[in-house]
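We count residues from 1, following the sequence as given.
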Amino acid sequence: QVQLVESGGGLVTAGGSLRLSCAASGRTFSTYHMGWFRQAPGKEREFVATISWSGGSTYYADSVKGRFTISRDNAKNTVYLQMNTLKPEDTAVYYCAASRADWVVVTTSGYTYWGQGTQVTVSS
């Protein structure tokens with residue numbers, strides 16, 4: 001069992017930055033690929049970024065490539081999402097999730113554990 005708690009969301013103006021954190025409980029964090037997803041009002045949850053269990057591989061949605069960076073610190077059981085050059089269309093609830101499926105995992109069904117989400121609002 002892995003419990004995930006996101007933090008770091010908030011209100012930011014367009015062009016600004018935020019760093020999201022996701023703290024995981026349990027001793028097996030380093031065996032999971034970790035992902036970030038987001039869900040805007042009235043839309044389906046969509047893939048944002050993922051990082052392999054070792055941190056050696058990352059993969060991004062085209063919409064965030066070059067602006068967002070996913071990283072992890074297995075010693076701290078934490079995964080991060082650095083978000084730069086934010087746009088109003090990045091406004092959503094952001095969720096972190098854990099997966100043991102084969103790399104690379106970009107669908108919600110590939111993730112077993114989910115956090116409760118953190119709101120990110122980007123004003124124009």
How long is the straight-line distance from [atom2] of [Y] back to [atom1] of [X], given to the nearest 0.5 Å?
| X | Y | atom1 | atom2 | value |
| --- | --- | --- | --- | --- |
| Ile70 | Gln82 | CD1 | CD | 12.0 Å |
| Leu18 | Thr118 | CG | OG1 | 9.0 Å |
| Met34 | Ser71 | CE | OG | 11.5 Å |
| Gln39 | Glu46 | CD | CD | 9.5 Å |

Would one find more than 12 heavy atoms of other residues, nucleotides or ligands at under 6.0 Å from atom [atom1] of [X]?
| X | atom1 | value |
| --- | --- | --- |
| Lys65 | NZ | yes |
| Tyr59 | OH | no |
| Gln3 | CD | no |

Tell me the closest heavy-atom pair linking [X] and [Y], and the distance in Å.
| X | Y | result |
| --- | --- | --- |
| Val120 | Gly9 | CG2-CA, 4.1 Å |
| Asn84 | Ser17 | OD1-OG, 2.9 Å |
| Val93 | Gly117 | CG1-CA, 3.8 Å |
| Gln116 | Tyr95 | O-CE2, 3.5 Å |
| Pro88 | Ala14 | CD-CB, 4.1 Å |
| Tyr80 | Asp73 | CE1-CB, 4.2 Å |

Flag, side chain of [X] to backbone of [Y], donor-acceptor distance under 3.5 Å:
| X | Y | result |
| --- | --- | --- |
| Asn77 | Gly26 | yes |
| Thr121 | Thr91 | no |
| Arg72 | Ser52 | yes |
| Ser30 | Asn74 | no |
| Arg67 | Thr85 | yes |
| Glu6 | Cys96 | yes |

Partners meeting side chain to side chain contact (heavy atoms under 4.5 Å, CB included) with Thr28 (sequence neighbours left out):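 Only Val2, Thr31, Tyr32, Arg100 meet the side chain to side chain contact (heavy atoms under 4.5 Å, CB included) criterion with Thr28.
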Carboxylate-amine/guanidinium contact Lys87 Asp90, below 4.0 Å: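 No, Lys87 and Asp90 are not salt-bridged.
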Same cluster (ILVMFWY, side-chain, under 4.5 Å), Val104 and Trp53: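 No, Val104 does not connect to Trp53 through the hydrophobic network.
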hydrophobic_cluster_shared for Leu86 and Phe47, side chain cutoff 4.5 Å: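 Shared cluster, no.
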Close aromatic pair by centroid cut-off 6.0 Å: Trp114 and Phe37: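 Trp114 vs Phe37: aromatic centres under 6.0 Å.
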Whether Tyr94 and Phe68 hold their rings parallel, tilted or perpendicular, with breakpoints at 30° and 60°: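 Tilted, since the angle between the ring planes falls between 30° and 60°.
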Tyr111-Thr50 side chain donor-acceptor pair, cut-off 3.5 Å: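 There is such a pair between these side chains.
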Pairwise side-chain contact, Arg38 with Val64, heavy-atom cut-off 4.5 Å (strictly under):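 Yes, at least one pair of side-chain atoms sits under 4.5 Å.
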